[in-house]
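Within every chain, numbering begins at 1; the chains are lettered A, B, ... in the order of the sequence lines, protein sequences first and strands thereafter. Treat the numbers as computed from the prediction; the structure is a model and nothing was measured.
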There are 2 protein chains.
Amino acid sequence: MLTERQLFLLQVIIDEFIQTAQPIGSRAISKKDEVTFSPATIRNEMADLEDLGYIEKTHSSSGRVPSEKGYRFYVDHLLSPSHLSQAELHLISNTFENNMVEFEQVVQKSAKVLSDLTNYTSIILGPKVYETTLKQIEIIQLSSYMAVAILVTNTGHVEHRSFSIPEEIKPSDLEKLVNILNQQLRNVPIIQLHERLQKEITMLMQKYVNDFDGAYQYLKAALFDEQPVQLYVGGITNILLQPEFKDVNKIHSLYSVMEQENAIANMLRSYSNGIHVSIGQENVMDEMQDCSLITATYSLGEEQLGTIALLGPTRMEYSRVISLLHVLSKRMSHTFDSWF
Amino acid sequence: MLTERQLFLLQVIIDEFIQTAQPIGSRAISKKDEVTFSPATIRNEMADLEDLGYIEKTHSSSGRVPSEKGYRFYVDHLLSPSHLSQAELHLISNTFENNMVEFEQVVQKSAKVLSDLTNYTSIILGPKVYETTLKQIEIIQLSSYMAVAILVTNTGHVEHRSFSIPEEIKPSDLEKLVNILNQQLRNVPIIQLHERLQKEITMLMQKYVNDFDGAYQYLKAALFDEQPVQLYVGGITNILLQPEFKDVNKIHSLYSVMEQENAIANMLRSYSNGIHVSIGQENVMDEMQDCSLITATYSLGEEQLGTIALLGPTRMEYSRVISLLHVLSKRMSHTFDSWF
DNA sequence: TTTAGCACTCAAACAACAAGAGTGCTAACA
DNA sequence: TGTTAGCACTCTTGTTGTTTGAGTGCTAAA
């Protein structure tokens with residue numbers, strides 16, 4: 001168990017290191033106003049904290065630096081909730097007052113405001129469409145052999161896909177098909193579309209639509225193939241401002257993994273409700289083991305829609321970032337709720 | 001005027017430097033099989049080439065490095081068209097044989113194949129929608145106070161925008177409005193939409209639709225506000241592999257400017273038909289003055305649609321990149337032509 | 001005109017050294 | 001018994017000097 005004084009010193013060391021990125025020495029600590037005891041005492045305590053694994057030396061006669069275990073303890077036990085400044089709250093409010101009416105817009109602006117306020121990199125996983133329901137399907141013919149299929153969900157999400165129409169299929173067939181699809185599938189959850197289509201509607205359609213099989217084959221690919229994940233990244237260059245990323249190789253490996261949107265998306269999806277902090281080696285992705293990742297979720301009603309995250313060095317302003325994510329995820333959820 | 005031998009030496013120096021990124025000395029050149037004269041002779045010639053400004057020394061006793069004037073001369077007069085390898089052509093063919101049916105898909109895959117083949121960064125400006133014509137407008141009501149407007153062009157491009165409906169407007173009004181819009185505006189070039197709407201149709205609409213002014217105000221914002229530019233970037237991390245970008249500050253300034261999509265898009269738009277090479281200081285953007293940018297255009301019929309570009313260090317494989325852009329821009333144009 | 005020879009220059013790598021920040025330990029102190 | 005002053009020791013950082021090697025320019029001979 002740590003003594004009061006050790007807790008205090010650990011907090012001072014981590015707070016200081018987060019600000020300066022420099023190893024902290026006993027003399028520097030003793031100079032602080034809040035500190036009443038001498039460098040020698042501090043050295044003794046620091047030796048103990050080091051034995052316990054909370055801080056480390058970069059070399060045998062250097063000052064101390066928080067270890068990952070130290071950050072973990074700090075996040076779990078020492079964090080005082082930081083209150084955001086008026087200016088920060090104002091900036092967030094401004095972003096959301098801008099009368100936004102689209103998911104994409106909200107998510108994109110949130111990513112921007114997060115990265116602007118923190119100087120870290122924000123990653124937001126766009127709202128998943130699975131739980132939404134179908135509002136309408138449209139097929140619009142562009143030429144005799146091309147058409148675009150459009151699918152609208154109850155949340156105003158629009159998917160579209162162009163496809164080529166085989167010659168055998170007449171426009172009238174296509175029209176009938178769309179009518180049937182809309183009649184039968186309206187308000188069906190997107191995730192059930194494919195199944196419902198195969199089980200219940202195939203028979204019906206074959207009866208009314210000539211060459212249903214041909215049409216269906218094309219339409220299926222156009223409408224129900226899996227859609228690309230939507231990942232919004234803000235302030236990717238902020239990483240370059242951090243002194244821990246002076247090395248081009250580090251930057252390269254981190255940026256490379258950021259390009260793999262699917263992997264990032266899956267990783268983000270794996271976090272449940274609430275705020276999660278992954279420090280250094282705790283991260284699943286190897287390339288992020290010099291970083292900390294803080295995640296939160298946003299939702300529509302009870303339904304968790306997506307994840308917002310901030311990526312920075314392990315020397316992160318945990319307190320501020322957590323408060324910010326808290327405010328922003330609430331704000332996003334609130335905005336979405338207000339629409340429906 | 002340069003002598004034959006000077007031309008030859010300039011070519012050798014630039015070719016060699018493009019491969020190695022190291023200053024080239026007289027001895028290294030003399031060792032090449034094609035070179036029959038001695039290091040001393042080469043030194044004399046190099047001194048002349050330096051006086052003329054085509055090559056430079058990095059310090060007083062170093063080997064020579066091409067100057068920007070040297071690259072410019074190389075590109076204008078010395079470039080031998082490189083023939084692409086079977087493997088390269090194959091990779092491009094594979095990309096395009098994948099039965100693509102959408103602009104976005106073609107552009108995105110092209111960006112990827114370009115960056116993969118070159119290890120530079122590809123930037124593609126998405127097809128402009130101005131010259132396309134309106135195929136159809138749809139308005140789909142999501143709830144009593146929200147709707148999504150969808151606009152489809154003859155090229156299968158889909159724009160959509162959610163908007164909130166003021167209470168005064170009845171669904172029936174909305175429906176009438178859409179009908180009139182479709183009747184009057186079908187096949188009108190997108191760029192003329194706004195003007196046509198104001199000049200010719202306002203009167204008609206006011207007659208049939210209650211509270212037209214209210215509805216129009218909302219719809220206008222939803223449909224006709226300027227759309228965000230579409231910029232596709234491939235292989236942004238490739239820049240980090242180049243030895244000239246070991247410095248984090250350089251990377252930061254370049255990446256920062258790449259984030260300003262509008263500025264990049266405008267810059268790319270300013271290039272006319274054909275292939276253009278901007279070397280170092282020739283670039284309009286300050287942040288790119290250590291880079292070379294090579295641009296080409298793609299089109300639909302006679303209509304220039306967009307720009308594809310490659311960004312790399314001034315020490316770029318000009319010959320190969322130009323050949324590649326040539327092939328790819330043709331291939332893209334061809335694909336689009338085949339659709340319409 | 002070309003080339004061999006040679007003196008000269010500069011960057012890069014390395015060692016030696018001083019300064020400074022910080023530590024651990026011991027002994028004295030409250 | 002916990003705290004602190006004092007001191008020897010360690011390691012990084014910055015400076016300076018040296019060596020090595022690649023490359024140049026110039027001169028004189030072929």
Side-chain angles (χ1 to χ4, degrees), chain A residues 1-10 12-17 19-67 70 243-244 246-247, chain B residues 1-10 12-17 19-67 70 243-244 246-247:
Chain A
M1 250 326 38
L2 295 181
T3 66
E4 274 299 312
R5 194 164 64 187
Q6 284 172 330
L7 291 175
F8 172 70
L9 282 175
L10 183 55
V12 168
I13 291 168
I14 297 184
D15 283 340
E16 191 72 17
F17 185 73
Q19 292 306 316
T20 64
Q22 298 296 324
I24 320 295
S26 55
R27 227 177 86 84
I29 295 178
S30 76
K31 272 191 194 145
K32 291 191 150 286
D33 288 345
E34 319 92 272
V35 177
T36 54
F37 27 93
S38 77
T41 310
I42 295 170
R43 280 203 289 281
N44 289 331
E45 297 285 29
M46 291 207 293
D48 290 347
L49 284 172
E50 185 174 6
D51 287 343
L52 294 167
Y54 295 114
I55 54 180
E56 295 168 346
K57 287 191 277 197
T58 59
H59 58 87
S60 75
S61 72
S62 78
R64 300 310 206 292
V65 153
S67 68
E244 25 275 279
K246 270 184 301 196
D247 177 21
Chain B
M1 253 322 45
L2 295 181
T3 65
E4 275 298 313
R5 194 164 65 187
Q6 284 171 331
L7 292 175
F8 172 69
L9 282 175
L10 184 56
V12 169
I13 291 168
I14 297 183
D15 284 340
E16 191 71 17
F17 186 72
Q19 293 305 316
T20 63
Q22 298 296 322
I24 319 295
S26 55
R27 228 177 83 85
I29 296 178
S30 76
K31 272 190 194 148
K32 291 192 152 284
D33 287 346
E34 321 92 271
V35 177
T36 55
F37 27 91
S38 77
T41 308
I42 295 169
R43 279 202 289 282
N44 289 330
E45 296 285 30
M46 290 207 294
D48 290 348
L49 284 172
E50 185 173 6
D51 287 344
L52 293 167
Y54 295 113
I55 54 181
E56 295 169 347
K57 288 191 277 198
T58 58
H59 58 87
S60 76
S61 73
S62 78
R64 298 311 206 291
V65 154
S67 68
E244 25 273 278
K246 271 185 301 196
D247 178 21

Atom pairs, protein N/O to nucleotides 28-30 of chain D N/O, distance under 3.5 Å:
none

Could you pull out every donor-acceptor pair under 3.5 Å between side chains of residues 37-51 of chain A and any protein atom, sequence neighbours left out?
{"unit_1": "A:Ser38", "atom_1": "OG", "unit_2": "A:Ala40", "atom_2": "N", "d": "3.4"}
{"unit_1": "A:Ser38", "atom_1": "OG", "unit_2": "A:Thr41", "atom_2": "N", "d": "3.4"}
{"unit_1": "A:Ser38", "atom_1": "OG", "unit_2": "A:Thr41", "atom_2": "OG1", "d": "3.2"}
{"unit_1": "A:Arg43", "atom_1": "NH1", "unit_2": "A:Ser26", "atom_2": "OG", "d": "3.2"}
{"unit_1": "A:Glu45", "atom_1": "OE1", "unit_2": "A:Gln6", "atom_2": "NE2", "d": "3.4"}
{"unit_1": "A:Glu45", "atom_1": "OE2", "unit_2": "A:Arg5", "atom_2": "NE", "d": "2.7"}
{"unit_1": "A:Glu45", "atom_1": "OE2", "unit_2": "A:Arg5", "atom_2": "NH2", "d": "2.8"}
{"unit_1": "A:Glu50", "atom_1": "OE1", "unit_2": "A:Arg64", "atom_2": "NE", "d": "3.0"}
{"unit_1": "A:Glu50", "atom_1": "OE1", "unit_2": "A:Arg64", "atom_2": "NH2", "d": "2.9"}

Determine the minimum heavy-atom distance between B:Thr58 and B:Pro23, stating which atoms define it.
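Looking at all heavy atoms of both residues, the closest pair is CG2-CG, 4.3 Å.
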At under 4.0 Å between heavy atoms, which parts of nucleotides 17-23 of chain C does protein reach? Answer with one letter per nucleotide, 5' to 3': B base, S sugar-phosphate only, - none.
----BBB
Residues two or more places apart in sequence or in another chain: which of them pass side chain to side chain contact (heavy atoms under 4.5 Å, CB included) with A:Leu52?
A:Leu2, A:Tyr54
What residues form a side chain to side chain contact (heavy atoms under 4.5 Å, CB included) with B:Lys32, not counting sequence neighbours?
B:Val12, B:Glu16, B:Glu34, B:Val35
Pairs under 3.5 Å (N/O, protein and nucleotides 27-30 of chain C):
none

Should A:Leu10 and A:Ile55 count as side-chain neighbours, where that means a heavy-atom distance under 4.5 Å?
yes
To the nearest Å, how far apart are B:Ile42 CD1 and C:dT3 C1'?
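In whole Å, C:dT3 C1' lies 11 Å from B:Ile42 CD1.
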Nearest of D:dT3, C:dG24, C:dT2 to any side-chain atom of A:Ala47?
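Among D:dT3, C:dG24, C:dT2, the one nearest the side chain of A:Ala47 is C:dG24.
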When B:Ala40 and B:Thr58 are each assigned the nearest nucleotide of DNA chain C, the 5'-most assignment goes to B:Ala40
Enter the distance from A:Phe8:CZ to A:Ile29:CD1 here, rounded to the nearest 0.5 Å.
9.0 Å
